[in-house]
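The next block holds one structure in the form of structure tokens; read it before the comments.
Along the sequence shown, the residues carry numbers beginning at 1. Because only heavy atoms are used, hydrogens play no part in the values below, and waters and symmetry mates are left out as well, while side chains stay in. Quick caveat, the model's predicted, so the values are computed rather than measured.
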Amino acid sequence: MQNFEELGRELERRGKTEKLKALADSSDVQKLGKMLDPGAVERAARSGDSQAIKDLLSSVLNTKEGQRLAQSVQQLMKD
């Protein structure tokens, strides 16, 4: 958990948190949320099954919304 806390502090320091929050509230994220099976996400997260997590991420990135989201995050982190 320490790494997430450090990441959070670094994002705050760089002024990225509000932009990430806005991105999380975007229509693309809402659409992706509706596409994913909450049970599958929970099972993958709880089990720590790296293949299941990879499969979920691949399914997200194979959508137009997921590709736009990934591109937006990459751009945000470059700025």
Side-chain angles (χ1 to χ4, degrees):
M1 187 57 96
Q2 183 66 24
N3 289 336
F4 285 119
E5 291 171 2
E6 290 173 16
L7 178 60
R9 285 191 296 272
E10 178 63 16
L11 291 170
E12 182 71 32
R13 185 186 69 73
R14 293 177 58 196
K16 305 287 185 181
T17 52
E18 291 305 314
K19 291 178 182 177
L20 281 171
K21 286 178 185 177
L23 190 57
D25 290 334
S26 72
S27 62
D28 280 342
V29 171
Q30 291 175 9
K31 287 177 187 176
L32 287 169
K34 291 177 183 176
M35 289 180 204
L36 292 174
D37 173 12
V41 173
E42 185 174 346
R43 283 188 300 278
R46 284 184 187 247
S47 71
D49 181 349
S50 60
Q51 186 59 49
I53 294 168
K54 183 179 177 182
D55 290 345
L56 282 169
L57 289 173
S58 291
S59 70
V60 166
L61 292 173
N62 283 327
T63 66
K64 292 181 288 184
E65 294 85 2
Q67 290 169 8
R68 284 193 299 264
L69 178 61
Q71 186 176 31
S72 295
V73 170
Q74 286 178 334
Q75 187 60 45
L76 176 70
M77 299 313 290
K78 284 182 186 177
D79 294 340

Determine yes or no for a side-chain-to-main-chain donor-acceptor pair under 3.5 angstrom, with Arg43 supplying the side chain and Gly39 the backbone. yes
Is it true that [X] and [Y] fall in one hydrophobic cluster, defined by side-chain heavy atoms closer than 4.5 Å?
| X | Y | answer |
| --- | --- | --- |
| Val41 | Ile53 | no |
| Met77 | Val60 | yes |
| Leu61 | Leu23 | no |
| Leu69 | Leu7 | yes |

Spacing of [X] atom [atom1] and [Y] atom [atom2] [to the nearest 0.5 Å]:
| X | Y | atom1 | atom2 | answer |
| --- | --- | --- | --- | --- |
| Ser58 | Leu56 | OG | CG | 9.0 Å |
| Lys19 | Gln75 | NZ | CD | 10.0 Å |
| Lys34 | Glu65 | NZ | CD | 11.0 Å |
| Leu76 | Lys78 | CG | NZ | 11.5 Å |
| Leu20 | Arg14 | CG | CZ | 10.0 Å |
| Leu32 | Gln30 | CG | CD | 10.5 Å |

Does Lys21 come within less than 4.0 Å of Glu18, counting only side-chain N to carboxylate O? yes
Does Glu10, at its CD atom, have more than 12 non-hydrogen atoms belonging to other residues, nucleotides or ligands within less than 6.0 Å? yes
Quick one: do Val73 and Lys16 satisfy side-chain contact (heavy atoms from CB on, under 4.5 Å)? Show the steps, please. CA-CA 10 Å; Val73 170; Lys16 305 287 185 181; over 6 Å; no
Check the pair Glu12 / Arg9 against salt bridge (Lys or Arg N to Asp or Glu O under 4.0 Å), numbers first and verdict last. CA-CA 5 Å; Glu12 182 71 32; Arg9 285 191 296 272; over 6 Å; no
Ignoring hydrogens, what is the shortest heavy-atom contact between Gln51 and Asp49? Give both atom names and the distance. N-OD1, 3.0 Å
